[in-house]
Structures are given as structure tokens and as C-alpha cells.
Protein chains: 2
Amino acid sequence: MKLSRVGVMATTRKRRQRGSLTSEVIVKAALAVSERGGYEGLTFQALGTELGAHPTAIYRHFRDKNELMLALIEAIHAETLETLGAPTGDWEGDLRALAHAVRDSFLRHPAVGQFAAVRTTRGPHEFEIVERIVGCLRRAGFDDRRAARMYRIFADVTLGYAAVDAGLAALPPDIRQGDLEAWEGRYRSLDRGRYPNLAAVAEQIPSIEDPGNFSTALDLFIDALRLRLDRGAS
Amino acid sequence: MKLSRVGVMATTRKRRQRGSLTSEVIVKAALAVSERGGYEGLTFQALGTELGAHPTAIYRHFRDKNELMLALIEAIHAETLETLGAPTGDWEGDLRALAHAVRDSFLRHPAVGQFAAVRTTRGPHEFEIVERIVGCLRRAGFDDRRAARMYRIFADVTLGYAAVDAGLAALPPDIRQGDLEAWEGRYRSLDRGRYPNLAAVAEQIPSIEDPGNFSTALDLFIDALRLRLDRGAS
DNA sequence: ACCTGAACACCGTTCAAGT
DNA sequence: ACCTGAACACCGTTCAAGT
């Protein structure tokens, strides 16, 4: 083992034995790495070190980083479903539970979760999550056309919100710190003449990291769904 | 001029004259570059070429890529405000117009827009957008506490949704193509036994790129706001 | 068949040197 | 004062070579 290329294999914990490298092992290691080092820490070199294998050995299981990313998102969806019980039949409660489970999974792996709303994994766990959402909406009383449309909006809003939360959590600590301080500092000392409305309420704006925001957004969404059901024509 | 480092200065259009490099010029060039090459195309080298200057000359105006990014987001917010008339006093129409203007700006510069929901620029244009949203909510009849909370949700939902749309538009063309085809292909040929609800509605799910989705999401949100106003307790 | 080593064409960033 | 050149420590990815 050469030491000229410092760091690549130098800090290897244990050397992996031939044939033990599988997609599952790689996905698991990648989630662990991303949890520690954020997205910019999730590199093939770091992953190789984590695995006790050469960085390029990963290419035997994933064509490129994009394919690995999709597998990681699928793994997150799998986690979401694991932490979630079977549907209870209460469409509203089930929708809420699903949305919260999705967000929790994204936040558990923010470096991956921040991209999960934009990509489609085209995998079974993703299908299953969609299946569940559509199931809730149909049980609520929406006809197929309406259920399909509402599914799209619900998924985009929920995953989008969760992805923003994940993106925030995935920021490098110093940058995140700076952003948070801006909200707490600069936003509360603005020119009342120039920003009268903002100045009036600034102190009462919940932190962008307040977990209650997501719940309130869900409340609003479900209120709106109920309203459409009451109006009939669904 | 050496040619050993291929490409860096080789394709320079015109050489910039000393002293003409300002933050404004750099921001404008960066938005142009990002429009063409997506996020992975937005590099200091590409920006240097666009500017007719050495890549590292940019560091005289921005400490690092993070600072440049914040300036770019501010520039996008400035564009949003430019395309937007003065508030009309109709809180609902104004909110809608604002949300659409934000999304349009994000989509005009997707490589930057996809990050805009997560970061805070702490700049005057960002303040102005917040000011306007809060203004709409107060005019609608929300008291300060409620207006502050609803602002947070509205901003997160709207910017989050727009950022997802931008992220989609910013995907490298081949990857984006693959994702879209998955929605149109695989999602419509699923096992009806395993995914009964999804299979029933799959054909009717709007495309993830359908611009009507955002409008519908806004409709739902504003319905929910009205409901809370009607319920009293402002 | 499975993995490594070496190389390639890039990145962002620092800093001494030029004008 | 403003900008460039060269260097540093990284990236993802390809491919010939080893076992």
C-alpha cells in the first residue's frame, strides 16, 4: 500500500474483503457519510474510506453519482415507510402522519433529502408513498381526476417544504449560522419608515427552523382540501 | 499569454480594461452564465471567461462563492420586484401576483433559484418582498401575531415550491429527461394489485412541470387563509 | 470477476508576483 | 490598487493493470 496519495487509503479502518461490496452496503455507508459531512462531504473518496475500499470500486455498482443519489433517495423513502404504521383509514390523520414521516426522514439525512423533492427514483418505495397519498385522497372522497390533481399539489408542497428544511440543515455550519443570525438580528432592526409592515411583525415571525411551521402548513392544506370536499363537485 | 493552461483565457472574447470590474458587472455575467450552463456551469473559470478577466479577479469583489451566491439571489429578488407593479390594495390578487413573480424569476435563473428558498440574502430586495407579503396579510385582516405566522408559512410554501420548480429546470438535460420519462412511462404501467390507488389515477396526474400546479397550490393556500379570517379571532 | 492505481480534466481558493 | 500566474488540495470519472 502506497502512502504517496495521502488520505485516500491511509485512514482506512479495516480493509474490506473481496466480494463483500454490495449496493446495499454502499447505500448504507453513503447515508452515514452524508449525515456526518453534509453534501460536500459525500464524495467517492470519503465513501471509499468509510467502506474500506478504493473509491472507484463503487463504480462497479453505480454508473455515476446520479445513480447513487437515486438509490439514496429510495433508501430514505424506505425509512419513511418503516417508521410509518399501516394506514388507519382516517385519511386526514394518515396524510399528516405520512407528511411528517417524510420530513423526519429528510431531516435525518439532510444532504440527500434536500434533493429528494426534485428527483424521481422510479423505485418501489417511492411508488408506495404515492400510493398511500392517493389512497388518502380517494378515501377522503375525491374522484379520480381530483385525487390525481390534489396528489400532485400535496406531494409538491409537502416534499418541497421538507426539502427546504433539509437544505437548511445541510448548510455548512458557518453559513447556516450566518443566515440564522441575519434573521434574528438584521430582520429585527429594520427601518420602520421603509418597511413598516415588516417592522411591525418582525419580532413575531417564527424562526425558519421552527418545526411548528410544517404542521401549520399541513393544517392549512387539509383545511383547503376539506373545503373543496364540502363544496361538493368532487 | 500562455496557452499551457488550456481554456482558461484562451476563449476570452475581449479583454476587459483595468478598473471596469465591479460587483454589478460580475453579478450580471454570473446570471448569464448560469442561464446557459446550469449550476455546474457556474464556475469561476466560466465566469472569468464571460467577463474577459482572470477567474481569480472575482475574489476582489466577493469573498467566496457563498457571498457571490447571496448577491445573485438578491439580484433575482430585484428582478421580481421590477416585474411587479405597486400593490393594488387587493390583498389576494397582490399575494398571487407576488408569488407568481417570484416563481417566474426563479425559473428565469433556475441554477440560482433552486437555492433561493434555503438562503437569506439579508439584502434590501429580500426585505422588500417580505414587507409586501406581510402587508397583504395585514390588509387581509390578520393581527400582527397571525400575520407573522402566516407570513412564515406563505413564504416557505411559495419559495419552496418555486425552488423545486427551479431545481427541476436546472437539472442537466439528460437527467431531467430520464426523470420525466419515468413519470410518463413507468408510473403508468404499474402493478394494479400492488398499487391499486396509484394505478387508478396515474394517467390523470398532472405533469410535475405543469405550471397550473403552482396556481392551484396558491388557490388552496388562499382558501385556507380566508377560512381562518372567516372563523374570526383574525 | 472484482478491485486498485494512475491519469485526466476539472473544481474553489490562496498568495506571491506583475503592472 | 488592480489583476494575473502558479500552486494546492481537492472533485468525478475512465481505463489499463493487478489478483
Side-chain angles (χ1 to χ4, degrees), chain A residues 1-12 14-26 29-30 33-34 37-72 111 115 172 174-175, chain B residues 1-12 14-26 29-30 33-34 37-72 111 115 172 174-175:
Chain A
M1 181 156 69
K2 285 200 193 171
L3 284 171
S4 58
R5 278 208 141 222
V6 183
V8 171
M9 293 289 295
T11 53
T12 300
K14 42 190 164 188
R15 185 139 212 166
R16 178 166 287 278
Q17 60 201 11
R18 272 178 92 88
S20 70
L21 200 62
T22 65
S23 307
E24 289 73 35
V25 169
I26 294 172
V33 168
S34 81
Y39 180 69
E40 72 273 23
L42 182 53
T43 69
F44 281 72
Q45 350 252 26
L47 190 44
T49 310
E50 176 80 16
L51 288 164
H54 196 273
T56 62
I58 298 153
Y59 283 91
R60 198 148 273 281
H61 298 88
F62 299 96
R63 197 206 317 270
D64 51 24
K65 206 176 179 182
N66 172 49
E67 234 184 39
L68 174 59
M69 202 65 204
L70 292 185
L72 294 178
F115 299 111
D174 51 330
I175 290 182
Chain B
M1 180 155 67
K2 285 199 192 172
L3 285 172
S4 57
R5 278 210 142 221
V6 183
V8 171
M9 291 290 293
T11 52
T12 299
K14 43 191 165 190
R15 186 140 211 163
R16 179 167 286 280
Q17 61 200 10
R18 273 179 92 87
S20 71
L21 200 63
T22 65
S23 307
E24 289 73 34
V25 170
I26 294 172
V33 168
S34 81
Y39 180 69
E40 74 271 25
L42 182 53
T43 69
F44 280 73
Q45 350 253 28
L47 191 44
T49 310
E50 175 81 16
L51 288 163
H54 196 273
T56 63
I58 298 153
Y59 283 91
R60 199 148 274 281
H61 298 89
F62 298 97
R63 198 207 314 272
D64 51 24
K65 206 176 179 182
N66 172 50
E67 233 183 39
L68 174 58
M69 202 64 204
L70 291 184
L72 295 179
F115 300 110
D174 51 332
I175 290 182

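Just so we're on the same page: letters track the sequence lines, and every chain starts at 1. In what follows, every heavy atom counts, from backbone to side chain, and hydrogens, waters and symmetry copies are set aside.
One interatomic measurement links the two molecules: CD1 of A/Ile58 to P of C/dC2, which rounds to 16 Å at whole-angstrom precision. Distance, B/His61 NE2 to D/dC2 C1': 9 Å, rounded to whole Å. The interatomic distance linking B/Glu67 (CD) with C/dG12 (P) rounds to 16 Å, in whole Å. Spacing between atom CG of A/Leu51 and atom P of C/dT4 amounts to 10 Å, rounded to whole angstrom units. Nucleotide C/dC11 holds its C1' atom 11 Å from the OH atom of B/Tyr39, rounded to whole Å.
Just one residue in the list B/Thr43, B/Leu51, B/Thr49 forms a side chain to side chain contact (heavy atoms under 4.5 Å, CB included) with B/Leu47, and that residue is B/Leu51.
Atom CD in B/Gln45 sits 11.5 Å away from atom CG in B/Leu42 (nearest 0.5 Å).
Annotation: side chain to side chain donor-acceptor pair (under 3.5 Å) contacts of B/Thr56 (sequence neighbours excluded): B/His54. Among residues two or more places apart in sequence or in another chain, the side chain to side chain donor-acceptor pair (under 3.5 Å) test is passed with A/Asp64 by none. Contacts of A/Phe44 classified as side-chain contact (heavy atoms from CB on, under 4.5 Å), with partners at least two apart in sequence or in another chain: A/Pro55, A/Ile58, A/Tyr59, A/Lys65. For A/Glu67, the salt bridge (Lys or Arg N to Asp or Glu O under 4.0 Å) partners are A/Arg63, not counting sequence neighbours. Under the ring pair (Phe, Tyr, Trp, His ring centres under 6.0 Å) criterion, A/Phe62 pairs with no residue at all, not counting sequence neighbours.
The shortest heavy-atom contact between B/Thr22 and B/His61 is CA-NE2, 3.9 Å.
A stem is defined here as three or more consecutive Watson-Crick or G-U pairs, each with both distances under 3.5 Å; for DNA chain D these stems are C:4-8 with D:12-16, C:12-16 with D:4-8.
Nucleic acid contact for B/Leu42: sugar-phosphate only, since backbone atoms but no base atoms lie under 4.0 Å from a heavy atom of the residue.
Candidate nucleotides D/dT4, C/dG12, C/dT4 were compared by shortest atom distance to the side chain of B/Ala57, and D/dT4 ranks first.
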Dump every N/O contact between nucleotides 13-19 of chain D and the protein below 3.5 Å, one line per pair.
| from | atom 1 | to | atom 2 | distance (Å) |
| --- | --- | --- | --- | --- |
| D/dT13 | OP2 | A/Tyr59 | OH | 3.1 |
| D/dT13 | OP2 | A/Lys65 | N | 3.0 |
| D/dT13 | O5' | A/Tyr59 | OH | 3.3 |
| D/dT19 | O2 | A/Arg18 | NH2 | 3.4 |

